[in-house]
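Residues take their numbers from the sequence shown, with the count starting at 1.
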Amino acid sequence: MSIQGVQLYIQDDHVVMDNGILQVTISNPEGIVTGVSYQGIDNLLEVHNEESNRGYWDLVWSDEGTAGTTGTSYVIKGSKFRVIVENEEQVEISFTRAWSSSLEGKHVPLNIDKRFIMLRGSSGFYSYAIYEHLKEWPGFNLPQTRIVFKLKKDKFRYMAVADNRQRRMPLPEDRSPRRSRPLAYPEAALLVHPVEPEFKGEVDDKYQYSCENKDLYVHGWICSNPPVGWWQITPSNEFRSGGPMKQNLTSHVGPTNLAMFLSAHYVGEDMVLKFQRGEPWKKVFGPVFIYLNTLIDNDDPLWLWEDAKEQMLTEVQSWPYNFPASEDFPKSEQRGGVSGRLQVSDRHVSHDYISANGAYVGLAPPGDAGSWQTESKGYQFWTRTDADGYFLLSDVCTGDYNLYAWVPGFIGDYKKGANVTITPGCDLDMGDLVYEPPRDGRTLWEIGIPDRTAAEFYVPDPDPNYSNKLYVNHPDRFRQYGLWERYADLYPNGDLVYTVGVSDYRTDWFFAQVTRKKDDDKYKGTTWQIKFNLDNVDQTGTYKLRLALATAHVAELQVRINNPEANPPVFTTGVIGHDNTIARHGIHGLYRLYSIDVNGALLIEGENTIFLTQPMCSSALQGLMYDYIRLEAPPSNNSTNKL
């Protein structure tokens, strides 16, 4: 590795950061990355693209009051360049664009300061940005912001998102109209005449490579000749929206490499950042690290992925970084910490407290239990408990938070009642916290596993004409295209019927309650049945049906008991959800829990049937995924009854 100091060269239209390992060229004053030179390759970015379409920050915005998740796409271009730090150890440069009232209606009302950092001896560069909205400025919506890098298509052909999610990728021209066939939505294309025959008959769709925030630390591309890796490393999720389970795009055909900070994907409009006039706001996105590597004493290009994972761990352990110059990015000594222990109290599972093993515990802005799922204005800090329920949240930015949690194996959301105030250097011990999940009576029967996903249910093989080879015999088989159409293939003559005690949810419960296509190419809703026996019924008691949904998209769930024609139904969710999880090959979106009172007079001794109807049917992509269903007996006077 070179030990040359970092150099900054300022030209008329560009600036260049050079540490002897790589050179990064950025347009001046726009702040667009136009070139990255490394290992004898003059530019790793696609030189056939315009300079403004190679490496850039962008956002989507709309005026206050606008509905939906779309808006005006804007590549963020600075109007002023400044040198923040310049010495042999580090260069940090700034590209700012300021807002004024003369821009109202034309540009997003934000001051934006984009920063780039290069360190001595570092095989890469960092980028972060400070977004600020002043109190007197007009309101607006911000559905998305991110960093985009578009790499050389003739160099970077192998993409890696995870150990078991990596492959050689098609070329961007394979998606052109003459080489592909459009599918149900623009992002999905069937490759009919690809440049290389190996991709013929495959589906390409960027959403097949989405990833949950909790697993989204490093992803990127490998060039085999010369052996070079390009990796986007995000060492912390604190500035990402939506919590640990929120899904975001990663890399996709282009070759494109993304750093997603805010998006509505797998959630919908509830995730859109919305501001009103009179609402001040400031947030730092990043820093993220663009890491470049090459082979030294090795001839296997896949080693580059292993090395990138090691570098990711180094970056995570270095968080929060001590080198960003902005006062808006707090260093470790300016942050605080929280620790404690979480236990679960469910008398129908155990007389004793149950250690919350592997629970997700987090600090997020104050709100209702579970509100962190759609929170996007502030910062979030999450960890998982150990086997005994102990947790530690360190390096938390100062401010007021609520402490939230959810526990795999139990339904519902935990929220500690009082706000948690973090001050510089604090070390708060929360002591023993107890979560009492929703529970009225003992479990009569249950379907699924309460883990906020539908992954345990039956996911079919795809139509062989619409396959992605990566996901054949893969744990994430739900990422295949068109699985919603397989429901009618598997249930051609009637909808799903599940018999408690006989059926197995792993094979007999389809992972998504979708619509059914009719002969006239229109769709109809579906009604699933759960059949179960009761030896005796408390006619005057109130049973409880717990319905946990893993996702919903323009759907409604109606519940009827023993009478499929009952009007009104016993319960309806009303129309819910814009998660779009079915189309985007997810296995969950937003978590929703419904607790439904069932009058004992509706039940009979012997066989009973619950009818679950999803009537919304204007497209193939509407529907629900279930997380978990449970029927509880009426509350017992003997509160110590065990299951």
Next item on the list: Report yes or no: does Asn43 contribute a side-chain atom to a donor-acceptor pair with the main-chain N or O of Ser37 at less than 3.5 Å?
Entry: no
Margin query: With a 3.5 Å distance limit and no angle check, can you tell me whether Gln247 reaches the backbone of His588 through a side-chain donor-acceptor pair?
Written below: yes
Note to self: Over 60° means perpendicular and under 30° means parallel, so tell me whether Trp281 and Tyr131 are parallel, tilted or perpendicular.
What the structure shows: perpendicular
Note to self: Restricting to non-hydrogen atoms, name the atom on Asn53 and the atom on Asn49 that form the minimum distance, rounded to 0.1 Å.
What the structure shows: O-ND2, 3.0 Å
Check: Should the pair His474 and Tyr471 be assigned to parallel (<30°), tilted (30 to 60°) or perpendicular (>60°) ring geometry?
Finding: perpendicular
Next item on the list: Would you check if the distance from the ring center of Phe457 to the ring center of Phe511 is below 6.0 Å?
Entry: no
Item checked: Asp307 versus Asn293, side-chain donor and acceptor atoms under 3.5 Å -> yes
Notebook entry, point to check: Has His48 got more than 12 heavy atoms of other residues, nucleotides or ligands less than 6.0 Å from its NE2?
Noted result: no
Item checked: Least distance between heavy atoms, Ser122 atom then Leu22 atom -> O-CD2, 3.5 Å
Check: Is the shortest side-chain N to carboxylate O distance from Asp163 to Lys309 below 4.0 Å?
Finding: yes
Notebook entry, point to check: Is Lys200 salt-bridged to Asp174, cutoff N-O under 4.0 Å?
Noted result: no
Notebook entry, point to check: Name the one of Phe125, Trp221, Trp305 that satisfies ring-ring contact (aromatic ring centres under 6.0 Å, His included) with Trp231?
Noted result: Trp305
Next item on the list: For Lys377 and Ser241, run side-chain hydrogen bond (donor to acceptor under 3.5 Å, both in side chains): C-alpha distance rounded to whole Å, both residues' side-chain angles, the deciding distance at 0.1 Å, then the answer.
Entry: CA-CA 8 Å; Lys377 290 182 180 177; Ser241 58; over 6 Å; no
Notebook entry, point to check: Do you know which two heavy atoms are closest between Ile32 and Glu51, and how far apart they sit?
Noted result: CG2-O, 3.2 Å
Item checked: NZ/NE/NH1/NH2 to OD/OE distance under 4.0 Å, Asp113 and Lys282 -> no
Margin query: If I compare all heavy atoms of Gln166 with all of Leu302, which pair ends up nearest, and what's the gap?
Written below: OE1-CD2, 3.8 Å
Note to self: Can you give me the closest heavy-atom contact between Gln480 and Val472, atom names plus distance?
What the structure shows: NE2-N, 3.6 Å
Item checked: Worked check of side chain to side chain contact (heavy atoms under 4.5 Å, CB included) between Tyr207 and His265 -> CA-CA 9 Å; Tyr207 290 108; His265 299 140; 3.3 Å; yes
Margin query: Using the rule given for side-chain hydrogen bond (donor to acceptor under 3.5 Å, both in side chains), can you reason through Thr581 versus Thr551, listing the C-alpha separation, both sets of side-chain angles and the distance that settles it, and then say yes or no?
Written below: CA-CA 7 Å; Thr581 301; Thr551 193; 2.8 Å; yes
Margin query: Using the side-chain hydrogen bond (donor to acceptor under 3.5 Å, both in side chains) criterion, which residues pair with Arg167? Sequence neighbours excluded.
Written below: Glu202, Asn468
Note to self: What I want to find out is whether Glu198 reaches Arg168 closely enough, with some N-O distance under 4.0 Å, to be called a salt bridge.
What the structure shows: yes
Note to self: Could you go through Asp42 and Lys152, starting from their C-alpha distance and side-chain angles, then the distance that decides it, and tell me whether this counts as salt bridge (charged side-chain N to carboxylate O under 4.0 Å, His left out)?
What the structure shows: CA-CA 11 Å; Asp42 287 342; Lys152 269 192 171 175; over 6 Å; no
Checklist line | Geometric cation-pi criterion Lys283 and Phe239, 6.0 Å radius, 45° cone | finding: no
Notebook entry, point to check: In terms of side-chain geometry, is the basic nitrogen of Lys214 or Glu212 positioned less than 4.0 Å from the acidic oxygen of its partner?
Noted result: yes
Item checked: Lys155/Glu46 salt bridge by N-O under 4.0 Å criterion -> no
Next item on the list: Looking only at non-hydrogen atoms, find the nearest pair between Leu342 and Ala405 and report the distance.
Entry: CD2-CB, 3.7 Å
Note to self: Below 30° counts as parallel, above 60° as perpendicular, anything between as tilted: where do the rings of Tyr481 and Tyr466 land?
What the structure shows: tilted
Next item on the list: Pick out which of Tyr126, Phe329, Tyr217, Phe381 makes a ring-ring contact (aromatic ring centres under 6.0 Å, His included) with Trp319.
Entry: Phe329
Next item on the list: Answer yes if the ring centres of Tyr209 and His219 are under 6.0 angstrom apart, and no otherwise.
Entry: no
Next item on the list: Could you verify whether a donor N or O on one side chain and an acceptor N or O on the other, from Ser339 and Tyr390, lie under 3.5 Å apart?
Entry: no
Notebook entry, point to check: Can you tell me if Asn402 uses its side chain to pair, donor with acceptor, with the backbone of Gly367 under 3.5 Å?
Noted result: yes
Next item on the list: Please say whether more than 12 non-hydrogen atoms of neighbouring residues, nucleotides or ligands are located less than 6.0 Å from NZ in Lys206.
Entry: yes
Checklist line | Arg146 charged N/C atom sitting above Trp57 aromatic ring, 6.0 Å / 45° | finding: no
Next item on the list: Take Glu50 and Lys150 through the salt bridge (charged side-chain N to carboxylate O under 4.0 Å, His left out) test and state the conclusion after the steps.
Entry: CA-CA 11 Å; Glu50 295 289 335; Lys150 297 184 176 179; over 6 Å; no
Next item on the list: Give me the ring orientation class for Phe81 and Phe95: parallel if the planes are under 30° apart, tilted from 30 to 60°, perpendicular past 60°.
Entry: tilted
Margin query: Do Arg384 and Tyr360 form a cation-pi contact, if we require the NZ or CZ to be under 6.0 Å from the six-membered ring centre and within 45 degrees of the ring's axis?
Written below: yes
